[in-house]
Protein chains: 2
Amino acid sequence: MSATSTKSRTYSISQLAEEFAITTRTIRFYEEKGLLQPKRNGQTRIYSAADRVKLILILRGKRLGLSLEESKDIIEMYHPDQDNSHQLQTLIDKIREKREQLKTQLDDLRTMMRELDEAEARCADALTVMKNVTTSS
Amino acid sequence: MSATSTKSRTYSISQLAEEFAITTRTIRFYEEKGLLQPKRNGQTRIYSAADRVKLILILRGKRLGLSLEESKDIIEMYHPDQDNSHQLQTLIDKIREKREQLKTQLDDLRTMMRELDEAEARCADALTVMKNVTTSS
DNA sequence: GCTGCCGTTGACGTTAACGTAAACTTGGCG
DNA sequence: CGCCAAGTTTACGTTAACGTCAACGGCAGC
(Lines give C-alpha, C1' and ligand atoms only; values in the text may rest on other atoms or scores of the structure.)
Protein backbone atom coordinates (compact mmCIF):
# COMPACT_ATOMS: atom_id res chain seq x y z
CA MET A 1 0.00 0.00 0.00
CA SER A 2 1.78 3.04 -1.24
CA ALA A 3 1.61 6.38 0.53
CA THR A 4 0.92 8.20 -2.71
CA SER A 5 -2.75 7.28 -2.87
CA THR A 6 -5.56 9.14 -4.60
CA LYS A 7 -6.94 10.67 -1.42
CA SER A 8 -6.79 14.33 -0.36
CA ARG A 9 -5.94 15.96 -3.65
CA THR A 10 -4.90 19.55 -3.42
CA TYR A 11 -5.05 22.51 -5.80
CA SER A 12 -3.14 25.69 -6.38
CA ILE A 13 -4.96 28.97 -6.67
CA SER A 14 -4.36 29.19 -10.40
CA GLN A 15 -5.56 25.66 -10.98
CA LEU A 16 -8.89 26.50 -9.40
CA ALA A 17 -8.99 29.84 -11.18
CA GLU A 18 -8.55 28.16 -14.52
CA GLU A 19 -10.96 25.32 -13.82
CA PHE A 20 -13.78 27.70 -12.93
CA ALA A 21 -12.80 30.50 -15.28
CA ILE A 22 -12.42 33.10 -12.56
CA THR A 23 -9.41 35.16 -11.53
CA THR A 24 -7.08 34.48 -8.63
CA ARG A 25 -8.08 37.86 -7.32
CA THR A 26 -11.64 36.62 -7.02
CA ILE A 27 -10.60 33.54 -5.07
CA ARG A 28 -8.54 35.61 -2.65
CA PHE A 29 -11.47 37.94 -2.31
CA TYR A 30 -13.71 35.08 -1.26
CA GLU A 31 -11.14 34.18 1.37
CA GLU A 32 -11.04 37.79 2.54
CA LYS A 33 -14.80 37.56 3.04
CA GLY A 34 -14.42 34.38 5.08
CA LEU A 35 -15.83 31.95 2.51
CA LEU A 36 -12.61 29.99 2.12
CA GLN A 37 -9.82 29.13 4.54
CA PRO A 38 -7.16 27.28 2.57
CA LYS A 39 -4.10 25.80 4.22
CA ARG A 40 -0.78 27.46 3.66
CA ASN A 41 2.62 26.28 2.64
CA GLY A 42 4.59 29.25 3.88
CA GLN A 43 3.00 32.05 1.91
CA THR A 44 1.36 29.94 -0.72
CA ARG A 45 -2.26 28.87 -0.46
CA ILE A 46 -3.17 25.22 -0.77
CA TYR A 47 -6.73 24.27 -1.52
CA SER A 48 -8.33 20.96 -0.52
CA ALA A 49 -11.13 19.09 -2.24
CA ALA A 50 -13.50 20.56 0.36
CA ASP A 51 -12.37 24.06 -0.57
CA ARG A 52 -13.09 23.23 -4.17
CA VAL A 53 -16.60 22.12 -3.26
CA LYS A 54 -17.14 25.37 -1.42
CA LEU A 55 -16.09 27.25 -4.53
CA ILE A 56 -18.64 25.29 -6.54
CA LEU A 57 -21.32 26.25 -4.04
CA ILE A 58 -20.32 29.89 -4.21
CA LEU A 59 -20.43 29.97 -7.98
CA ARG A 60 -23.77 28.23 -8.12
CA GLY A 61 -25.03 30.71 -5.59
CA LYS A 62 -23.84 33.50 -7.83
CA ARG A 63 -25.72 32.08 -10.80
CA LEU A 64 -28.81 32.09 -8.61
CA GLY A 65 -28.23 35.66 -7.58
CA LEU A 66 -27.20 34.97 -4.01
CA SER A 67 -24.89 37.40 -2.27
CA LEU A 68 -21.59 36.18 -0.91
CA GLU A 69 -23.03 36.48 2.58
CA GLU A 70 -25.88 34.18 1.62
CA SER A 71 -23.53 31.72 0.02
CA LYS A 72 -21.54 31.78 3.21
CA ASP A 73 -24.65 30.75 5.10
CA ILE A 74 -25.35 27.99 2.64
CA ILE A 75 -21.83 26.68 2.98
CA GLU A 76 -22.26 26.53 6.72
CA MET A 77 -25.39 24.50 6.17
CA TYR A 78 -23.26 21.86 4.54
CA HIS A 79 -20.45 22.03 7.05
CA PRO A 80 -22.06 22.88 10.37
CA ASP A 81 -19.42 23.64 12.93
CA GLN A 82 -19.31 20.37 14.81
CA ASP A 83 -19.21 21.96 18.23
CA ASN A 84 -21.44 24.75 17.14
CA SER A 85 -24.41 22.53 16.41
CA HIS A 86 -26.43 23.94 19.27
CA GLN A 87 -27.82 26.26 16.64
CA LEU A 88 -29.29 23.40 14.67
CA GLN A 89 -32.82 24.72 14.95
CA THR A 90 -31.73 28.14 13.74
CA LEU A 91 -30.05 26.42 10.86
CA ILE A 92 -33.18 24.50 9.94
CA ASP A 93 -35.15 27.72 9.99
CA LYS A 94 -32.65 29.33 7.68
CA ILE A 95 -32.89 26.41 5.31
CA ARG A 96 -36.67 26.61 5.23
CA GLU A 97 -36.54 30.33 4.58
CA LYS A 98 -34.04 29.91 1.80
CA ARG A 99 -36.17 27.20 0.27
CA GLU A 100 -39.16 29.52 0.25
CA GLN A 101 -37.12 32.07 -1.63
CA LEU A 102 -36.03 29.46 -4.12
CA LYS A 103 -39.63 28.47 -4.64
CA THR A 104 -40.75 31.96 -5.66
CA GLN A 105 -37.70 32.11 -7.84
CA LEU A 106 -38.72 28.86 -9.47
CA ASP A 107 -42.20 30.23 -10.14
CA ASP A 108 -40.74 33.41 -11.58
CA LEU A 109 -38.50 31.32 -13.78
CA ARG A 110 -41.32 29.16 -15.09
CA THR A 111 -43.48 32.20 -15.80
CA MET A 112 -40.71 33.95 -17.62
CA MET A 113 -39.89 30.85 -19.63
CA ARG A 114 -43.51 30.52 -20.71
CA GLU A 115 -43.68 34.17 -21.65
CA LEU A 116 -40.44 33.91 -23.58
CA ASP A 117 -41.92 31.01 -25.52
CA GLU A 118 -44.89 33.14 -26.44
CA ALA A 119 -42.69 36.07 -27.35
CA GLU A 120 -40.62 33.88 -29.63
CA ALA A 121 -43.74 32.50 -31.25
CA ARG A 122 -44.98 36.00 -31.95
CA CYS A 123 -41.64 36.97 -33.45
CA ALA A 124 -41.58 33.85 -35.58
CA ASP A 125 -45.07 34.62 -36.84
CA ALA A 126 -44.06 38.12 -37.72
CA LEU A 127 -41.10 36.79 -39.65
CA THR A 128 -43.28 34.36 -41.57
CA VAL A 129 -45.64 37.12 -42.53
CA MET A 130 -42.79 39.21 -43.83
CA LYS A 131 -41.49 36.32 -45.92
CA ASN A 132 -44.94 35.69 -47.39
CA VAL A 133 -45.28 39.30 -48.32
CA THR A 134 -41.95 39.41 -50.10
CA THR A 135 -42.44 36.11 -51.96
CA SER A 136 -46.00 36.79 -53.03
CA SER A 137 -45.29 40.18 -54.48
CA MET B 1 -72.26 54.16 -21.97
CA SER B 2 -70.53 56.52 -19.65
CA ALA B 3 -67.21 58.10 -20.46
CA THR B 4 -65.77 57.07 -17.13
CA SER B 5 -65.21 53.46 -18.12
CA THR B 6 -62.72 51.01 -16.67
CA LYS B 7 -60.29 51.32 -19.56
CA SER B 8 -56.87 52.99 -19.47
CA ARG B 9 -56.40 53.34 -15.74
CA THR B 10 -53.51 55.47 -14.69
CA TYR B 11 -51.30 55.56 -11.63
CA SER B 12 -49.30 58.11 -9.74
CA ILE B 13 -45.72 57.44 -8.84
CA SER B 14 -46.51 56.93 -5.19
CA GLN B 15 -49.35 54.56 -5.95
CA LEU B 16 -46.99 52.30 -7.83
CA ALA B 17 -44.32 52.72 -5.19
CA GLU B 18 -46.69 51.59 -2.50
CA GLU B 19 -48.17 48.73 -4.50
CA PHE B 20 -44.77 47.20 -5.18
CA ALA B 21 -43.11 48.27 -1.95
CA ILE B 22 -40.37 50.25 -3.64
CA THR B 23 -39.46 53.93 -3.38
CA THR B 24 -40.35 56.67 -5.81
CA ARG B 25 -36.66 57.23 -6.21
CA THR B 26 -36.34 53.71 -7.58
CA ILE B 27 -39.11 54.27 -10.12
CA ARG B 28 -37.55 57.50 -11.32
CA PHE B 29 -34.24 55.71 -11.51
CA TYR B 30 -35.75 53.09 -13.82
CA GLU B 31 -36.98 55.90 -16.02
CA GLU B 32 -33.53 57.47 -15.99
CA LYS B 33 -32.21 54.17 -17.30
CA GLY B 34 -34.77 54.11 -20.07
CA LEU B 35 -36.95 51.31 -18.71
CA LEU B 36 -40.04 53.47 -18.30
CA GLN B 37 -41.38 56.44 -20.24
CA PRO B 38 -44.48 57.67 -18.43
CA LYS B 39 -46.61 60.47 -19.77
CA ARG B 40 -46.52 63.82 -18.07
CA ASN B 41 -49.07 66.22 -16.77
CA GLY B 42 -46.90 69.29 -16.62
CA GLN B 43 -44.18 68.13 -14.27
CA THR B 44 -46.01 65.21 -12.80
CA ARG B 45 -45.54 61.69 -14.11
CA ILE B 46 -48.55 59.63 -15.11
CA TYR B 47 -48.18 55.89 -15.44
CA SER B 48 -50.33 53.70 -17.68
CA ALA B 49 -51.30 50.06 -17.21
CA ALA B 50 -48.53 49.17 -19.66
CA ASP B 51 -46.00 51.02 -17.52
CA ARG B 52 -47.24 49.03 -14.56
CA VAL B 53 -46.70 45.77 -16.45
CA LYS B 54 -43.18 46.86 -17.29
CA LEU B 55 -42.54 47.47 -13.62
CA ILE B 56 -43.74 43.95 -12.85
CA LEU B 57 -41.34 42.58 -15.43
CA ILE B 58 -38.48 44.58 -13.97
CA LEU B 59 -39.15 43.38 -10.46
CA ARG B 60 -39.47 39.78 -11.53
CA GLY B 61 -36.21 40.19 -13.38
CA LYS B 62 -34.64 41.46 -10.21
CA ARG B 63 -35.80 38.44 -8.26
CA LEU B 64 -34.16 36.31 -10.92
CA GLY B 65 -30.94 38.26 -10.69
CA LEU B 66 -31.24 40.05 -14.01
CA SER B 67 -29.58 43.42 -14.41
CA LEU B 68 -31.66 46.41 -15.39
CA GLU B 69 -30.11 46.26 -18.84
CA GLU B 70 -31.28 42.68 -19.22
CA SER B 71 -34.73 43.54 -17.99
CA LYS B 72 -34.77 46.31 -20.55
CA ASP B 73 -34.10 43.75 -23.26
CA ILE B 74 -36.82 41.51 -21.94
CA ILE B 75 -39.30 44.36 -21.95
CA GLU B 76 -38.46 45.06 -25.56
CA MET B 77 -39.21 41.42 -26.31
CA TYR B 78 -42.76 42.03 -25.15
CA HIS B 79 -43.14 45.38 -26.85
CA PRO B 80 -41.04 45.20 -30.01
CA ASP B 81 -40.85 48.57 -31.63
CA GLN B 82 -43.43 48.18 -34.38
CA ASP B 83 -41.33 49.80 -37.05
CA ASN B 84 -38.19 48.38 -35.63
CA SER B 85 -39.15 44.77 -36.28
CA HIS B 86 -36.43 44.30 -38.85
CA GLN B 87 -34.39 43.01 -35.94
CA LEU B 88 -36.80 40.21 -35.26
CA GLN B 89 -34.21 37.53 -35.87
CA THR B 90 -31.81 39.21 -33.46
CA LEU B 91 -34.62 39.31 -30.96
CA ILE B 92 -35.32 35.60 -31.35
CA ASP B 93 -31.65 34.86 -30.82
CA LYS B 94 -31.67 36.92 -27.67
CA ILE B 95 -34.71 35.06 -26.41
CA ARG B 96 -33.07 31.70 -27.06
CA GLU B 97 -29.92 32.79 -25.28
CA LYS B 98 -31.86 34.06 -22.32
CA ARG B 99 -33.79 30.82 -22.16
CA GLU B 100 -30.56 28.87 -22.06
CA GLN B 101 -29.47 30.93 -19.07
CA LEU B 102 -32.77 30.32 -17.37
CA LYS B 103 -32.38 26.61 -17.96
CA THR B 104 -29.04 26.40 -16.16
CA GLN B 105 -30.54 28.52 -13.45
CA LEU B 106 -33.41 26.08 -13.15
CA ASP B 107 -30.99 23.18 -12.84
CA ASP B 108 -29.00 25.05 -10.23
CA LEU B 109 -32.20 25.74 -8.36
CA ARG B 110 -33.31 22.11 -8.40
CA THR B 111 -29.90 20.92 -7.26
CA MET B 112 -29.76 23.40 -4.45
CA MET B 113 -33.29 22.54 -3.36
CA ARG B 114 -32.41 18.86 -3.21
CA GLU B 115 -29.26 19.55 -1.27
CA LEU B 116 -31.12 21.79 1.13
CA ASP B 117 -33.56 18.95 1.73
CA GLU B 118 -30.69 16.67 2.62
CA ALA B 119 -29.11 19.28 4.82
CA GLU B 120 -32.34 19.75 6.70
CA ALA B 121 -32.70 16.01 7.13
CA ARG B 122 -29.20 15.78 8.58
CA CYS B 123 -29.94 18.62 10.97
CA ALA B 124 -33.22 17.04 12.02
CA ASP B 125 -31.43 13.75 12.67
CA ALA B 126 -28.86 15.48 14.77
CA LEU B 127 -31.61 17.12 16.79
CA THR B 128 -33.33 13.79 17.37
CA VAL B 129 -30.12 12.24 18.60
CA MET B 130 -29.63 15.06 21.06
CA LYS B 131 -33.15 14.67 22.38
CA ASN B 132 -32.69 10.93 22.84
CA VAL B 133 -29.50 11.48 24.72
CA THR B 134 -31.07 13.96 27.10
CA THR B 135 -34.25 11.94 27.72
CA SER B 136 -32.48 8.60 28.22
CA SER B 137 -30.06 9.90 30.80
C1' DG C 1 23.35 36.54 -11.55
C1' DC C 2 19.57 37.70 -14.41
C1' DT C 3 15.06 36.67 -16.32
C1' DG C 4 10.52 34.88 -16.17
C1' DC C 5 6.78 33.09 -13.89
C1' DC C 6 3.84 32.27 -10.12
C1' DG C 7 2.49 33.74 -5.82
C1' DT C 8 1.64 37.38 -2.07
C1' DT C 9 -0.23 41.79 0.23
C1' DG C 10 -2.08 46.43 0.00
C1' DA C 11 -4.20 50.23 -1.93
C1' DC C 12 -7.04 52.40 -4.96
C1' DG C 13 -10.53 52.34 -8.96
C1' DT C 14 -15.02 50.88 -10.92
C1' DT C 15 -19.87 49.65 -11.87
C1' DA C 16 -24.68 48.91 -10.69
C1' DA C 17 -28.51 50.13 -8.16
C1' DC C 18 -30.20 52.67 -5.53
C1' DG C 19 -30.30 56.03 -0.75
C1' DT C 20 -30.16 60.58 1.05
C1' DA C 21 -30.35 65.36 1.21
C1' DA C 22 -31.15 70.03 -0.54
C1' DA C 23 -33.77 73.24 -2.80
C1' DC C 24 -37.83 74.16 -5.60
C1' DT C 25 -42.83 74.08 -7.50
C1' DT C 26 -47.66 73.10 -7.19
C1' DG C 27 -52.48 71.97 -5.83
C1' DG C 28 -55.57 71.89 -2.14
C1' DC C 29 -57.63 73.63 2.12
C1' DG C 30 -58.74 75.87 6.55
C1' DC D 1 -53.01 84.02 2.58
C1' DG D 2 -50.18 80.58 4.70
C1' DC D 3 -48.89 76.14 4.76
C1' DC D 4 -48.49 71.24 4.13
C1' DA D 5 -48.13 67.09 1.29
C1' DA D 6 -46.64 65.30 -2.83
C1' DG D 7 -44.10 65.95 -6.69
C1' DT D 8 -39.68 67.46 -9.19
C1' DT D 9 -34.50 67.96 -10.32
C1' DT D 10 -29.65 67.86 -9.10
C1' DA D 11 -25.97 66.12 -6.75
C1' DC D 12 -23.40 63.50 -3.80
C1' DG D 13 -23.00 59.10 -0.79
C1' DT D 14 -23.03 53.98 -0.35
C1' DT D 15 -22.49 48.94 -0.85
C1' DA D 16 -21.06 44.69 -3.16
C1' DA D 17 -17.99 42.40 -5.92
C1' DC D 18 -14.56 42.45 -7.96
C1' DG D 19 -10.49 44.82 -11.41
C1' DT D 20 -6.13 46.94 -11.67
C1' DC D 21 -1.88 48.30 -10.51
C1' DA D 22 2.45 48.40 -7.56
C1' DA D 23 5.95 46.39 -5.07
C1' DC D 24 7.80 42.38 -3.37
C1' DG D 25 9.45 37.11 -2.51
C1' DG D 26 10.88 32.55 -4.20
C1' DC D 27 12.62 29.39 -7.58
C1' DA D 28 13.64 27.10 -12.28
C1' DG D 29 16.38 27.50 -16.05
C1' DC D 30 19.99 29.54 -18.74
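To find a chain, count down the sequence lines: A is the first, B the second, and so on, and within it residues start at 1. Small disclaimer: the values here were computed from a predicted structure and weren't measured.
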Under-4.0 Å side-chain N/O to phosphate OP1/OP2 contact, [X] with [N]:
X       : N      : result
B:Thr24 : D:dA6  : no
B:Thr23 : C:dC18 : no
B:Ser14 : D:dG7  : yes
A:Tyr30 : D:dA17 : no
A:Thr44 : D:dG26 : no

Whole angstrom value for the distance that separates [atom2] of [N] from [atom1] of [X]:
X       : N      : atom1 : atom2 : result
A:Lys72 : D:dA17 : NZ    : P     : 12 Å
A:Phe29 : D:dT15 : CZ    : P     : 14 Å
A:Lys33 : D:dT15 : NZ    : P     : 11 Å
B:Leu35 : C:dC18 : CG    : P     : 10 Å
A:Glu32 : C:dC12 : CD    : P     : 14 Å
A:Glu70 : D:dA16 : CD    : P     : 12 Å
B:Glu69 : C:dA17 : CD    : C1'   : 12 Å
B:Gln43 : C:dG27 : CD    : P     : 10 Å

- request: Give a yes or no on whether the backbone of B:Arg52 and the side-chain of B:Glu19 come within a donor-acceptor separation of less than 3.5 Å.
  value: no
message: Side chain of A:Arg40, heavy atoms from C-beta onward: which of D:dG7, D:dC18, C:dT8 has the nearest atom to it?
response: C:dT8
For A:Leu106, side chain to side chain contact (heavy atoms under 4.5 Å, CB included) partners two or more places apart: A:Arg110, B:Leu106, B:Leu109, B:Met113
Presence of donor-acceptor pair under 3.5 Å, side chain of B:Arg28 and base of D:dT8: no
- prompt: For DNA chain D, whose closest nucleotide is more 5', that of B:Gln15 or that of A:Leu66?
  reply: B:Gln15
[X] [atom1] to [Y] [atom2] distance, which is reported to the nearest 0.5 Å:
X       : Y        : atom1 : atom2 : result
B:Arg60 : A:Asp107 : CZ    : CG    : 10.5 Å
B:Thr26 : B:Phe20  : OG1   : CZ    : 13.0 Å
B:Leu55 : B:Leu35  : CG    : CG    : 9.0 Å

message: Near DNA chain D, counting only heavy atoms under 4.0 Å, which residues of residues 46-62 of chain A show up?
response: A:Lys62
- request: Walk me through it: do A:Asp51 and A:Ser48 pass the test side-chain hydrogen bond (donor to acceptor under 3.5 Å, both in side chains)?
  value: CA-CA 5 Å; A:Asp51 290 325; A:Ser48 68; 3.2 Å; yes
message: Is the shortest side-chain heavy-atom distance between B:Ile13 and B:Arg28 below 4.5 Å?
response: yes
Any side-chain heavy-atom pair of B:Glu97 and B:Gln101 under 4.5 Å: yes
message: Both B:Leu68 and B:Arg25 contact DNA chain C. Which one's nearest nucleotide lies toward the 5' end?
response: B:Leu68
- prompt: What is the nucleic acid contact for B:Ser67, judged by heavy atoms within less than 4.0 Å: base, sugar-phosphate only, or nothing?
  reply: sugar-phosphate
